[in-house]
Asker: 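Before anything else, here's the structure in question.
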2 protein chains.
Amino acid sequence: MAYRETEKMRQRKAEARKKIIECTWECVSEGGFRSARMTRIAGLAGVATGTIYRHFESREDLFAEIFRLATQREVDKVAEALAVDGSAVERLDNALRQFARRALKGPMKAWALIAEPVDPKVEEERLVYRKAYANLFEQAIRSGITEGCIPDQDARLTSTCLVGAISESLVGPLSPTQTETPPGHDNNEDELVDTIVCFCLRGLTGTRS
Amino acid sequence: MAYRETEKMRQRKAEARKKIIECTWECVSEGGFRSARMTRIAGLAGVATGTIYRHFESREDLFAEIFRLATQREVDKVAEALAVDGSAVERLDNALRQFARRALKGPMKAWALIAEPVDPKVEEERLVYRKAYANLFEQAIRSGITEGCIPDQDARLTSTCLVGAISESLVGPLSPTQTETPPGHDNNEDELVDTIVCFCLRGLTGTRS
DNA sequence: ACAAAGAATGAATATTGATTCAATGCTTGC
DNA sequence: GCAAGCATTGAATCAATATTCATTCTTTGT
């Protein structure tokens with residue numbers, strides 16, 4: 001008996017794995033999942049293509065993992081934004097804004113996560129996370145109903161409507177075919193967010209707040 | 001000189017093309033674009049695979065054409081539903097219901113058109129048609145603003161929100177992983193439609209109609 | 001009936017990266 | 001320093017269909 005996995009090795013492997021994940025996300029951030037090549041990822045991470053396969057079952061599995069990690073960050077941000085003090089409507093307002101702002105800040109990333117056509121395993125993850133968003137919103141809507149600031153409704157379904165409305169209206173501007181984001185921080189980006197959020201809140205509350 | 005394309009031939013070719021289109025749509029209706037094989041399409045249409053390539057540049061082009069034809073039918077239906085008598089809100093209500101009902105009636109077709117991951121050329125068509133829907137809604141919203149039954153807003157953007165909200169909330173029910181559509185015409189399908197439409201109209205009008 | 005011009009055929013080919021795996025290089029404990 | 005076992009390498013292989021194209025069949029006008 002001569003070789004036994006030691007802590008040092010475990011760490012080194014963990015680092016390699018982390019590096020692969022980072023470089024994959026870098027590729028995805030540049031051009032989405034479809035155009036991310038294993039060879040490029042390996043090159044960026046400074047490993048051979050074969051090495052990737054000691055850390056991930058397959059390309060699809062790697063991508064699913066990357067998707068999970070990236071989306072979880074976003075879901076957490078939304079959860080955070082929903083956790084502030086205030087009425088349910090105020091908290092939803094805050095969360096929707098957060099979602100939209102972040103999407104507009106990293107359009108290619110947002111497109112990859114929200115709208116890019118992806119392989120089945122990744123699409124599965126997407127459905128999971130859409131549900132995660134919807135669940136968060138749903139909970140907030142429920143408390144709004146209890147509080148009385150939101151009329152009674154099918155919170156599960158209307159939370160899905162929120163996700164749809166905000167995603168679609170961002171994907172238009174986000175779509176990588178329409179990359180022409182003008183130079184300066186357009187303040188009509190704020191108007192964009194305002195309009196979308198306003199639509200969403202009206203949809204829930206039925207008032208012209 | 002001996003052979004010159006005659007009317008009879010032109011017709012025969014047109015028929016073959018039509019048959020290919022029909023059979024492609026049949027395949028797509030069964031399992032979406034991804035799983036539609038050229039060989040299967042050729043088989044159904046009673047032609048050789050090579051023959052398809054006399055009518056269409058490539059698989060992607062064929063699919064883009066099929067997508068265009070199928071979606072145009074849906075867009076026309078929405079346009080029709082918007083053309084009835086009544087206030088803008090009533091007309092939008094009608095159109096949104098139409099959209100949702102048709103989608104729920106042919107879930108696989110609707111999934112292929114709305115949410116299936118597709119190749120770039122087809123995705124491009126999808127964006128065109130999303131815009132087509134949005135344009136129709138936008139026009140109606142504009143007249144609503146003029147009529148006074150809808151408050152002033154960025155109609156282009158809120159029309160996009162409509163498309164997003166209705167698409168997203170249908171994707172769950174449409175998803176082919178949840179094919180188990182119970183036998184009878186579920187009346188909770190009607191509730192589904194009601195809730196979605198209600199959300200959309202509230203989003204536009206800001207009233208609890 | 002014949003030859004010229006297409007049209008149709010479908011088995012063979014091309015494509016495109018993901019994936020494998022035999023060879024090589026590192027680590028470890030003694 | 002050595003041998004056992006694991007990790008890494010990356011060129012070669014594979015897979016899955018779309019696409020091609022030499023061949024065969026049809027149509028047309030004379």
Side-chain angles (χ1 to χ4, degrees), chain A residues 1-21 23-24 27-28 30-67 116-122, chain B residues 1-21 23-24 27-28 30-67 116-122:
Chain A
M1 78 298 312
Y3 182 99
R4 247 164 68 108
E5 184 173 72
T6 183
E7 188 51 33
K8 186 178 134 197
M9 263 293 116
R10 220 186 322 278
Q11 284 194 332
R12 198 183 290 182
K13 279 203 276 177
E15 262 173 60
R17 190 189 153 93
K18 204 177 135 203
K19 192 86 203 284
I20 291 168
I21 287 177
C23 294
T24 305
C27 283
V28 171
E30 278 167 12
F33 287 96
R34 190 186 297 251
S35 73
R37 302 270 155 266
M38 297 303 269
T39 48
R40 173 110 201 288
I41 293 167
L44 281 177
V47 298
T49 55
T51 302
I52 297 177
Y53 289 86
R54 324 209 98 252
H55 294 279
F56 301 92
E57 205 48 41
S58 69
R59 179 184 136 105
E60 255 193 301
D61 278 308
L62 168 60
F63 284 6
E65 176 79 18
I66 265 55
F67 190 97
E116 182 185 5
V118 292
D119 286 4
K121 264 188 191 165
V122 180
Chain B
M1 74 307 308
Y3 181 97
R4 248 166 68 107
E5 185 173 70
T6 182
E7 187 50 36
K8 186 179 134 196
M9 261 294 115
R10 219 185 323 278
Q11 285 195 331
R12 198 182 288 183
K13 279 202 277 178
E15 262 174 62
R17 189 189 154 92
K18 204 177 137 204
K19 193 84 203 286
I20 290 168
I21 287 176
C23 294
T24 304
C27 283
V28 172
E30 278 168 11
F33 287 96
R34 189 187 296 253
S35 72
R37 303 269 156 264
M38 296 304 269
T39 47
R40 173 109 202 288
I41 293 167
L44 281 177
V47 299
T49 56
T51 302
I52 296 178
Y53 289 86
R54 321 206 105 254
H55 294 279
F56 300 92
E57 204 50 40
S58 68
R59 179 184 136 105
E60 254 192 302
D61 277 308
L62 168 61
F63 284 5
E65 176 78 20
I66 265 55
F67 190 97
E116 183 185 3
V118 291
D119 287 3
K121 265 188 190 165
V122 180

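Just so it is clear: chains get the letters A, B, ... in the order the sequence lines come, proteins before strands, and each one is counted from 1.
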Asker: Just compare D:dA18, C:dT19, D:dA7 and give me whichever is closest to any side-chain atom of B:R37.
Answerer: D:dA18
Asker: Show me the pairs that pass side chain to side chain donor-acceptor pair (under 3.5 Å) and involve residues 8-18 of chain B, at least two apart or across chains.
Answerer: B:E5-B:R10, B:E5-B:K13, B:E7-B:R10
Asker: Would you kindly compare A:A48 and B:R34 by the position of their nearest DNA chain D nucleotide and give the one closer to the 5′ end?
Answerer: A:A48
Asker: If you draw a 6.0 Å radius around CD in B:E57, do more than 12 non-hydrogen atoms from other residues or ligands fall strictly inside?
Answerer: no
Asker: Can you tell me how far P of C:dT19 sits from NE2 of A:H55, to the nearest Å?
Answerer: 16 Å
Asker: List the steps, then state whether side chain to side chain contact (heavy atoms under 4.5 Å, CB included) holds for A:F33 with A:F67.
Answerer: CA-CA 9 Å; A:F33 287 96; A:F67 190 97; 3.8 Å; yes
Asker: Rounded to whole Å, please give me the gap between CZ in B:F63 and P in D:dT17.
Answerer: 12 Å
Asker: Check this one for me: any side-chain N or O of B:T49 less than 4.0 Å away from OP1 or OP2 of C:dG10?
Answerer: no
Asker: Once you round it to whole Å, what is the distance between C1' of D:dG10 and CD1 of A:I41?
Answerer: 16 Å
Asker: Taking B:K121 first and then B:E65, would you say they form a salt bridge - that is, a charged N and a carboxylate O separated by under 4.0 Å?
Answerer: no
Asker: Closest to the B:K13 side chain: D:dG10, C:dG10, C:dA7?
Answerer: C:dA7
Asker: Go through C:dT20, D:dT28, D:dA18 for me and flag the one nearest to the B:M38 side chain.
Answerer: D:dA18
Asker: Can you check whether B:R12 has a side-chain N or O nearer than 4.0 Å to OP1 or OP2 of D:dT27?
Answerer: yes
Asker: Find the distance A:I20:CD1 to D:dT9:C1' and express it as a whole number of Å.
Answerer: 13 Å
Asker: Taking the side chain as every heavy atom from C-beta outward, state whether A:E60 and A:P120 have any atom pair closer than 4.5 Å.
Answerer: yes
Asker: Taking the nucleotide of DNA chain D with the closest heavy atom to each, which residue, B:R59 or A:A16, is nearer the 5' end?
Answerer: A:A16
Asker: Output the rounded distance in Å from CZ (A:R54) to P (D:dT9).
Answerer: 11 Å
Asker: Please tell me which of the listed nucleotides, D:dT9, C:dT27, C:dT9, lies nearest to the side chain of A:T51?
Answerer: D:dT9
Asker: Starting at CG of B:D119 and ending at P of C:dT16, how long is that distance when rounded to a whole Å?
Answerer: 14 Å
Asker: Taking atom P of C:dT16 as reference, at what distance in whole Å does atom CZ of A:R40 sit?
Answerer: 19 Å
Asker: Between B:Y53 (OH) and C:dG10 (C1'), how many Å, whole number?
Answerer: 13 Å
Asker: If you only use heavy atoms from C-beta on, which nucleotide in D:dA7, C:dT19, C:dT9 is closest to the side chain of B:V47?
Answerer: C:dT9
